[in-house]
There are 2 protein chains.
Amino acid sequence: MNSRFSTAVHILTLLASTPQERLTSEFIAASVGTNPVVIRRQLALLRQANLVSSKGARGGGWELARDPARITLKQVRTALGVEAAFRMHRNEPHPNCSVGQGIRGVLENVYEEVEKSVMRSLAHWTIADMLKRIEPSS
Amino acid sequence: MNSRFSTAVHILTLLASTPQERLTSEFIAASVGTNPVVIRRQLALLRQANLVSSKGARGGGWELARDPARITLKQVRTALGVEAAFRMHRNEPHPNCSVGQGIRGVLENVYEEVEKSVMRSLAHWTIADMLKRIEPSS
DNA sequence: AGCTAGCGTAACTTTTTTTGTGACGGATTC
DNA sequence: GAATCCGTCACAAAAAAAGTTACGCTAGCT
């Protein structure tokens with residue numbers, strides 16, 4: 001997978017660290033070290049999943065749409081659009097090769113199982129956990 | 001992750017389907033639908049892990065180095081060099097952002113846990129299983 | 001009302017990653 | 001000693017991801 005998931009968790013944790021405040025995409029981008037548009041794209045997906053809410057215009061910005069203890073990393077992954085941890089090889093196998101013809105279906109089964117266990121792992125973690133681990137003192 | 005893992009499983013299953021025979025990288029490449037060099041690169045890694053053996057010269061080629069029932073997909077993944085299912089975002093976070101500074105370490109913990117559960121899932125499957133599922137009649 | 005700050009999104013560019021190719025040396029069998 | 005097949009490097013092409021520019025829209029402010 002790509003690094004979008006990491007960025008998304010970063011953003012959400014940042015929002016969790018400043019409750020009561022709205023953060024602008026520009027501010028977040030500076031914290032994360034990238035471009036505001038990249039941030040907005042991520043947040044647009046997270047908003048579709050009702051994890052964050054945005055407000056335009058002056059004084060606007062982003063905030064969490066719910067208690068960070070109720071946002072799991074599984075939800076984040078789902079919100080970003082589940083891209084399998086593994087990818088099928090895309091080459092067309094030789095038509096006479098029975099292994100080539102059949103392997104994809106079998107691999108799909110395997111990957112589904114793997115995906116489920118990835119999700120199970122991610123479900124254990126919340127944004128509140130992330131924040132807690134970063135600032136154990138607070 | 002990329003599709004190399006899928007290709008590797010494909011290759012190994014193909015070798016398992018023709019015991020007693022050596023297959024050339026050219027033949028395998030035709031079955032998989034790619035270039036022989038790509039195949040050789042993959043197999044070179046699998047050989048380092050003692051999963052396959054090769055022989056040069058005329059009549060040469062590749063074969064499994066052990067019983068396909070003793071090759072797990074976990075071993076395959078390890079052989080290819082474990083690349084985490086997730087990737088860290090590489091941008092330097094803003095130095096004043098405590099979340100940005102700390103998030104990586106926490107994410108690393110999460111990803112380690114995920115990786116372990118991926119490996120646990122993959123350990124359940126062997127190349128013999130793959131073959132069995134493709135050709136239930138044999 | 002008009003100005004400003006901020007999001008929303010499409011189109012495009014750049015960068016990075018992955019995959020594929022060509023070439024050629026070395027080894028082994030025949 | 002000629003043919004076959006691996007081993008590997010260097011390069012090319014393609015695909016994917018990330019970053020950038022631009023501009024419309026809305027809500028608040030004065």
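The structure presented is a predicted model; accordingly, all values stated were derived computationally and were not measured.
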- Task: Scan for ring pair (Phe, Tyr, Trp, His ring centres under 6.0 Å) pairs involving residues 10-30 of chain A, sequence neighbours excluded, and state none if there are none.
- Result: H10(A)-H89(B)
Given atom [atom1] of [X] and atom [atom2] of [N], what is their separation to the nearest angstrom?
X	N	atom1	atom2	result
Q42(B)	dT19(C)	CD	P	8 Å
R4(A)	dG19(D)	CZ	C1'	13 Å
L15(B)	dC6(D)	CG	P	11 Å
R22(B)	dC6(D)	CZ	C1'	12 Å
W62(A)	dC7(C)	CH2	P	7 Å
M88(B)	dA18(D)	CE	C1'	18 Å
R87(A)	dT17(C)	CZ	P	13 Å
L43(A)	dT9(C)	CG	C1'	14 Å

Would you tabulate the nitrogen or oxygen pairs shorter than 3.5 Å linking the protein to nucleotides 21-27 of chain D?
none

- Item | Donor-acceptor under 3.5 Å (S6(B) side chain, R87(A) main chain) | yes
- More 5' along DNA chain D: V38(A) or R90(A), using each one's nearest nucleotide? R90(A)
Taking only N and O in the side chain of [X], is any of them less than 4.0 Å away from OP1 or OP2 of [N]?
X	N	answer
N91(B)	dA18(D)	no
S3(B)	dT18(C)	no
T24(B)	dC5(D)	no

- Contacts of type ring-ring contact (aromatic ring centres under 6.0 Å, His included), residue Y111(A), not counting sequence neighbours: F86(A)
- Message: Suppose we screen for side chain to side chain contact (heavy atoms under 4.5 Å, CB included). Which residues come up paired with E113(B), at least two apart in sequence or across chains?
- Response: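 By the side chain to side chain contact (heavy atoms under 4.5 Å, CB included) rule, E113(B) matches S121(A), H124(A), W125(A).
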- Message: Restricting to side chain to side chain contact (heavy atoms under 4.5 Å, CB included), what partner residues turn up for R41(B), sequence neighbours left out?
- Response: V37(B), V38(B)
- Can you find a side-chain donor-acceptor pair between S117(A) and R120(B) that sits under 3.5 Å?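 The answer is no; no qualifying pair exists.
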- Task: Could you verify whether a donor N or O on one side chain and an acceptor N or O on the other, from R40(B) and S25(B), lie under 3.5 Å apart?
- Result: yes
- Query: What parts of residues 45-54 of chain A reach DNA chain C, counting only heavy atoms under 4.0 Å away?
  - Reply: R47(A), S54(A)
- Task: Let me know, please, whether R41(A) or G60(A) comes out on the 5' side of the other along DNA chain C by nearest nucleotide.
- Result: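 Its nucleotide being nearer the 5' end, the pick is G60(A).
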- Message: Check this for me, if you would: do E115(A) and R77(A) make a salt bridge, where the nitrogen-to-carboxylate-oxygen distance has to be below 4.0 angstrom?
- Response: yes
- Query: Hey, are E92(B) and R104(B) close enough for a salt bridge, meaning a charged N less than 4.0 Å from a carboxylate O?
  - Reply: yes
